[in-house]
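Only this structure's heavy atoms are used, side chains among them; waters, hydrogens and symmetry mates stay out. Just so we're on the same page: letters track the sequence lines, and every chain starts at 1.
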There are 2 protein chains.
Amino acid sequence: MINLTSRQSEIFEFIKKEIEINGYPPTRSEIAKVFGFKSPNAAEDHLKALKKKGVLNIVSGASRGISIVKEDLGIPVIGLVSAGGPILAQENIEKRIPSSQNILSHGVDFYLRVKGDSMIEAGILENDLIAVNKKTQIKKGSIVIARINDEVTVKTLKSISSDLVVLQPENSNYSNIEVNPKTEDLSFEGTCVGLLRDFS
Amino acid sequence: MINLTSRQSEIFEFIKKEIEINGYPPTRSEIAKVFGFKSPNAAEDHLKALKKKGVLNIVSGASRGISIVKEDLGIPVIGLVSAGGPILAQENIEKRIPSSQNILSHGVDFYLRVKGDSMIEAGILENDLIAVNKKTQIKKGSIVIARINDEVTVKTLKSISSDLVVLQPENSNYSNIEVNPKTEDLSFEGTCVGLLRDFS
DNA sequence: ATCATAACTGTAATTATATACAGTATTTAA
DNA sequence: TTAAATACTGTATATAATTACAGTTATGAT
């Protein structure tokens, strides 16, 4: 989306809010009134700009013929992660879940389908969907999505220092994974902020 | 909601669809055109009837001033279940999650907050939200929400016959619960169709 | 220095829309 | 059986709304 000016954002947000509240979009005059414009044409100009920038659809001739262009593809669900590319690469996306359907309190950047049983003692089973937030601060004790030499894994972060990172599976049959970030390729894709299991 | 006539339902569904598709409601003339009315007043009459029956809001004077009355309170989240009443009693409802936010593929009648650790080996932890469907056929092997003498419990249904129901915790520290439905008060509130965990 | 964009005022005309009133015919509930 | 509700036709009109055209002022980019 092309960047909107701050004024255009205000107008855009107002239109979205009106649709949310009233169930239908505002007219030019209603916009003008709220923003103190003395002419409905000021609103018209804004609508044209917003249309040009691709965030609104306007049906000519129709009263209140304004609609929001939704570019929201939804939150991607990542199945198998193919080697050598970013986790969010198109080929990894199994499906998308509309972000309007997000129940979790945290922001969810993507869902990752769990493979294996290494986390069963934390109540994370095979095929569960883990909700991942990319920006949450990685810290000791949290369940992290790590990438070690192109392998994606979900583990509890046990300790972290400049030359040793310890990742702990939550399954007594597995041992801790110790990684030296100086010699191995280690990155964190995000933190687990939720879990979704669908019995189907 | 008062029952709509079949014609009124058609009109109502059309209006909902139009809002979904266009982002704004239809005019009287648009309704009339689609249904083949020769007068926009036929649509006007229908709108008045739908308003009277409480399924539409109409803002007088506003073009396309039609909105859907939403009676959807959302899917209830049940916390502690107080004794002696139905599980869905008002006092048990912790909050509601808009049903539009339901990610799970099955119908979810309510969410139940899990107390205790009796199901941890099935990956169901304390404070998880279990998605419950009331109508799914109760069958051996599924995780059921049972009510024994006014106590609500989540367990795996191990076996079921007319004089013995065995409920199995998924935690080796607990033993099976055996109930005789003839002498004890046993009912099934539903089946677990999903799980939601929010790390917050 | 000039041009495009942004953010408006002001006027005005065409058309889109709501909605009242007067009917008709059929069906449904008291 | 009688009134109310349903489901329309047909006409008409006030007003709601879009939207073009002609300007002004300010700002940032080429």
- Query: For the helix from dA1(C)-dT30(D) to dA30(C)-dT1(D), what is the angle between the axes at its two ends, each from 5 pairs, rounded to 10°?
  - Reply: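 Axis-to-axis angle, ends of the helix: 40°.
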So which pairs with a foot in residues 175-200 of chain B pass salt bridge (charged side-chain N to carboxylate O under 4.0 Å, His left out), sequence neighbours left out?
->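 For residues 175-200 of chain B: Asp128(B)-Arg197(B), Arg147(B)-Glu189(B).
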Indicate whether OP1 or OP2 belonging to dT19(D) is found under 4.0 Å from a side-chain N or O atom of Ser60(A).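 Indeed, a polar side-chain atom of Ser60(A) lies that close.
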| said: Check the phosphate of dC8(D) against His46(B), side-chain N and O only, distance under 4.0 Å to OP1 or OP2. Yes or no? | reply: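 Result: yes.
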### Glu13(B) bridged to Lys16(B) by N-O distance under 4.0 Å
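Yes, Glu13(B) and Lys16(B) are salt-bridged.
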Nearest-nucleotide 5' precedence on DNA chain D, Arg7(B) against Arg64(B)
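The residue closer to the strand's 5' end, by nearest nucleotide, is Arg7(B).
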(message) Taking the nucleotide of DNA chain D with the nearest heavy atom to each, does Gly36(B) or Val59(A) sit closer to the 5' end?
(response)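 Taking each residue's closest nucleotide, the earlier one in sequence belongs to Gly36(B).
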Checklist entry - With nearest nucleotides of DNA chain C determined for Ala49(A) and Phe37(A) from heavy-atom distances, which residue corresponds to the more 5′ nucleotide? => result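 That would be Ala49(A).
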- Query: Looking at residues at least two apart in the chain, or sitting in another chain, which of them share a side-chain hydrogen bond (donor to acceptor under 3.5 Å, both in side chains) with Asn133(A)?
  - Reply: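 Thr136(A).
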message = Among residues at least two apart in sequence or on other chains, which ones pass side-chain hydrogen bond (donor to acceptor under 3.5 Å, both in side chains) with Arg113(A)?
response =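 Arg113(A) satisfies side-chain hydrogen bond (donor to acceptor under 3.5 Å, both in side chains) with Glu94(A) only.
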Enumerate the protein-to-nucleotides 20-22 of chain D contacts in which both atoms are nitrogen or oxygen and the separation is below 3.5 Å.
{"from": "dA20(D)", "atom 1": "OP2", "to": "Lys48(A)", "atom 2": "NZ", "distance (Å)": "3.1"}
{"from": "dC21(D)", "atom 1": "N4", "to": "Asn41(A)", "atom 2": "OD1", "distance (Å)": "3.4"}
{"from": "dC21(D)", "atom 1": "N4", "to": "Asn41(A)", "atom 2": "ND2", "distance (Å)": "3.1"}

TODO: State, to 0.1 Å, how close Leu104(B) and Ala131(B) come at their nearest heavy-atom pair, and which atoms those are.
DONE: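 Taking Leu104(B) first and Ala131(B) second, the nearest heavy atoms are CD1-CB, 3.4 Å.
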| task | Might you point out which heavy atoms bring Thr191(A) and Ile145(A) nearest each other, and give the distance in Å? | result |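 Smallest heavy-atom distance, with atoms named: C-CD1, 3.9 Å.
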Please check if the side chain of [X] supplies one atom and the backbone of [Y] the other of a donor-acceptor pair under 3.5 Å.
X	Y	answer
Asn57(B)	Asn22(A)	no
His106(A)	Gly194(A)	no
Asn92(A)	Ile78(A)	no

So, using salt bridge (Lys or Arg N to Asp or Glu O under 4.0 Å) as the criterion, who are the partners of Lys134(A) when residues are at least two apart?
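Salt bridge (Lys or Arg N to Asp or Glu O under 4.0 Å) check on Lys134(A) returns nothing, list empty.
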With sequence neighbours excluded, what pairs up with Lys95(A) under the salt bridge (Lys or Arg N to Asp or Glu O under 4.0 Å) test?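 Counting only residues at least two positions away or on another chain, Lys95(A) forms no salt bridge (Lys or Arg N to Asp or Glu O under 4.0 Å).
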Could you tell me how far apart Lys33(A) (NZ) and dA16(D) (C1') are, to the nearest whole angstrom?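 So the NZ-C1' distance, Lys33(A) to dA16(D), works out to 13 Å.
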Practice task
Look at all strands and tell whether Ala62(A) reaches a base, only sugar-phosphate, or nothing, counting heavy atoms closer than 4.0 Å.
Solution key: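 Sugar-phosphate: the residue Ala62(A), judged by heavy atoms under 4.0 Å, touches backbone atoms but no base.
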Below 3.5 Å is the cut-off: list the nitrogen or oxygen pairs between protein and nucleotides 25-30 of chain D, distance only.
none

Notebook entry, point to check: Do you know which of Leu125(A), Asn173(A), Val114(A) makes side chain to side chain contact (heavy atoms under 4.5 Å, CB included) with Ile120(A)?
Noted result: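 The option that passes is Leu125(A).
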Would you be so kind as to tabulate the donor-acceptor pairs closer than 3.5 Å made by side chains of residues 30-38 of chain B, with sequence neighbours excluded?
{"from": "Glu30(B)", "atom 1": "OE1", "to": "Thr27(B)", "atom 2": "N", "distance (Å)": "3.1"}
{"from": "Glu30(B)", "atom 1": "OE1", "to": "Arg64(B)", "atom 2": "NH1", "distance (Å)": "3.0"}
{"from": "Glu30(B)", "atom 1": "OE2", "to": "Arg64(B)", "atom 2": "NH1", "distance (Å)": "3.4"}
{"from": "Glu30(B)", "atom 1": "OE2", "to": "Arg64(B)", "atom 2": "NH2", "distance (Å)": "3.1"}

> Does atom NZ of Lys115(B) have more than 12 heavy-atom neighbours, drawn from other residues, nucleotides or ligands, at distances under 6.0 Å?
Replying inline: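 Buried by this count: over 12 neighbours within 6.0 Å.
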Practice task
Treating Ile, Leu, Val, Met, Phe, Trp and Tyr as nodes and any side-chain heavy-atom pair under 4.5 angstrom as an edge, say whether Leu195(B) and Phe110(B) lie in one connected cluster.
Solution key: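 They do share one cluster, since a chain of ILVMFWY contacts under 4.5 Å joins Leu195(B) to Phe110(B).
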TODO: Would you jot down, in residue-number order, the residues of residues 22-31 of chain B having a non-hydrogen atom under 4.0 Å from DNA chain D?
DONE: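 Correct list: empty, so none.
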Name the first nucleotide and the last nucleotide along DNA chain C (5' to 3') that come under 4.0 Å of a heavy atom in chain A.
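Extent of the interface on DNA chain C: dA6(C) to dT17(C).
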Which ILVMFWY residues can you reach from Val59(A) by hopping between side chains whose heavy atoms are under 4.5 Å apart?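 Under the 4.5 Å side-chain rule, Val59(A) groups with Tyr24(B).
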